[in-house]
Amino acid sequence: MNISKIHEDLQQLVPTGVVKRNEVLESHVYTRIGGRADILAGPATYEELQSVVTYARVNEIPLTVLGNGSNVIIRDGGIRGIVLQTSDLADMGLRDNVLYAQCGAKIIDVSKFAWEKQLAGLEFACGIPGTVGGALYMNAGAYGGEVKDVLQSALAISKAGRMVTLQGDELEWGYRKSVFASGEFIVLEARFALQPGDSAAIKAAMDDLTRQRESKQPLEYPSCGSVFKRPPGRFAGQLIQESGLQGTRIGGAEVSRKHAGFIVNTDHATAKDYIGLIQHVQAAVKDKFGVELETEVEIIGEE
């Protein structure tokens, strides 16, 4: 790949957004780890995003989509090709009584906006740190709620660069997955079907969930959130705790002493530290309980 030419071309295709070369990615992810991106492109409009997707396809350049990096580990070797960052696409509003939010909007902010408009249904998302795009990608959920419960439809762009609207069975919902995990589509916009509610009751529910989150989760350290999916009929954090793994460290990565389901960056951890500790936890839980923990966090990039 001719990185200089790609950089020059994308500057023309993304005139109102951001295009950076050899960008350090650790500042773009919650774990504060990861190598460099050959090119980081942050479009400011749907048309610019569409142009980047089409350019990458036509020129056979690897394309990696990144929201705000709350549920991702980027390996120390970084990411080749183009990293498409959506954080500048963060508009939200009401259209025909449906709440819409662009892919780069934080789902926490969308839940607050819903409360301000006296719309109920997104209270569960008040502590989820990801973007709307990431929330749809993994069917994010917490405290008994999931994105699939409130999503009416999604505007997306296909790998071929065509804008489409997806709804119903087309979204292929599952536990921590959706059609977007297949890589065939990129989220542009979510449309949420919410219900009129009492502002005070909505706020009280959000405050209660926030207190629970702050009391249980190690928010004082960089992390990727909950590392593992919930095994059928079990809880990953409980299995890890009962395996005696809290406080276990590899390099600067540590199994949280506050919540065993989290791995935190306590001292300049590398991705190698993080991934090594994940594998150690998986092996220990498998040995003790016969349960194979599956990662919820996305691990991407080069060794």
Side-chain angles (χ1 to χ4, degrees), residues 25-26 28-35 64-79 83 107 127-131 133-142 146-148 172-183 216-218 221-243 245-256 258-266 269-303:
L25 291 171
E26 64 180 40
H28 295 278
V29 294
Y30 273 46
T31 53
R32 297 294 180 259
I33 59 175
T64 302
V65 181
L66 183 68
N68 66 351
S70 63
N71 193 47
V72 66
I73 294 171
I74 298 175
R75 293 187 179 95
D76 300 313
I79 300 177
V83 172
I107 194 69
I128 297 174
T131 60
L136 268 64
Y137 178 94
M138 65 174 297
N139 184 24
E146 291 182 303
V147 167
K148 71 175 181 62
E172 298 179 12
W173 296 119
Y175 174 62
R176 298 298 174 263
K177 65 180 181 180
S178 71
V179 68
F180 300 106
S182 70
K216 295 176 181 178
Q217 297 182 10
Y221 291 109
S223 81
C224 56
S226 182
V227 176
F228 302 102
K229 294 180 181 179
R230 186 178 67 244
R234 312 294 290 270
F235 292 98
Q238 183 179 6
L239 295 174
I240 296 167
Q241 182 177 353
E242 292 178 2
S243 297
L245 293 168
Q246 284 183 282
T248 300
R249 292 175 63 108
I250 292 181
E254 178 180 293
V255 178
S256 172
K258 189 173 184 179
H259 190 308
F262 285 65
I263 292 177
V264 293
N265 182 354
T266 61
T270 64
K272 185 177 180 180
D273 295 339
Y274 244 89
I275 295 167
L277 189 52
I278 287 172
Q279 293 170 343
H280 175 74
V281 168
Q282 288 173 317
V285 170
K286 175 72 179 298
D287 183 63
K288 185 173 180 64
F289 294 103
V291 175
E292 294 189 8
L293 292 180
E294 183 181 351
T295 53
E296 179 173 308
V297 62
E298 292 278 318
I299 300 174
I300 59 176
E302 307 290 324
E303 296 287 354

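Residue Leu25 holds its CG atom at 4.5 Å from CD1 of Ile74, rounded to the nearest 0.5 Å. Here the straight-line distance linking atom OG of Ser178 with atom CG of Leu136 works out to 6.5 Å at 0.5 Å rounding.
When the salt bridge (Lys or Arg N to Asp or Glu O under 4.0 Å) test is applied to Arg249, the partners found at least two apart in sequence or on another chain are Glu254. Partners of Asp76 by side chain to side chain donor-acceptor pair (under 3.5 Å), not counting sequence neighbours: none found. In this view, His28 and Glu23, Gln85 satisfy the side chain to side chain donor-acceptor pair (under 3.5 Å) rule, not counting sequence neighbours. Here Pro218 pairs with Glu220, Ser256, Lys258, His259, Phe262, Val264 under the side-chain contact (heavy atoms from CB on, under 4.5 Å) rule; sequence neighbours left out. Gln279 pairs by the side chain to side chain donor-acceptor pair (under 3.5 Å) definition with nothing, not counting sequence neighbours. Residues satisfying the side-chain contact (heavy atoms from CB on, under 4.5 Å) criterion with Gln241, sequence neighbours excluded, are Gln246, Ala260. Scored by the side chain to side chain donor-acceptor pair (under 3.5 Å) test, Arg176 finds Glu146 as partners (sequence neighbours excluded).
With Tyr274 contributing its side chain and Ile263 its backbone, the two residues share a donor-acceptor pair below 3.5 Å. The backbone N or O of Lys148 sits less than 3.5 Å from a side-chain atom of Asn139, completing a donor-acceptor pair. With hydrogens and angles disregarded, no donor-acceptor distance shorter than 3.5 Å links the side chain of Ser243 to the backbone of Leu245.
The closest side-chain heavy-atom distance from Asn71 to Met138 is below 4.5 Å. Gln238 is listed as a side-chain neighbour of Glu242, based on a closest heavy-atom distance under 4.5 Å.
A side chain to side chain contact (heavy atoms under 4.5 Å, CB included) with Val72 is found for one member of Thr64, Thr31, Val29 and no other, namely Val29.
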Q: Just do the side chain to side chain contact (heavy atoms under 4.5 Å, CB included) check on Val281 and Phe228 with the steps written out, would you?
A: CA-CA 10 Å; Val281 168; Phe228 302 102; 3.8 Å; yes
**Q.** Derivation of the side chain to side chain contact (heavy atoms under 4.5 Å, CB included) call for Thr131 and Ile107
**A.** CA-CA 5 Å; Thr131 60; Ile107 194 69; over 6 Å; no
Can you give the donor-acceptor pairs under 3.5 Å from side chains of residues 282-302 to other protein atoms, not counting sequence neighbours?
unit_1	atom_1	unit_2	atom_2	d
Gln282	NE2	Leu293	O	2.9
Lys286	NZ	Glu292	OE2	3.1
Glu294	OE2	Lys229	NZ	3.0
Glu298	OE1	Tyr137	OH	3.4

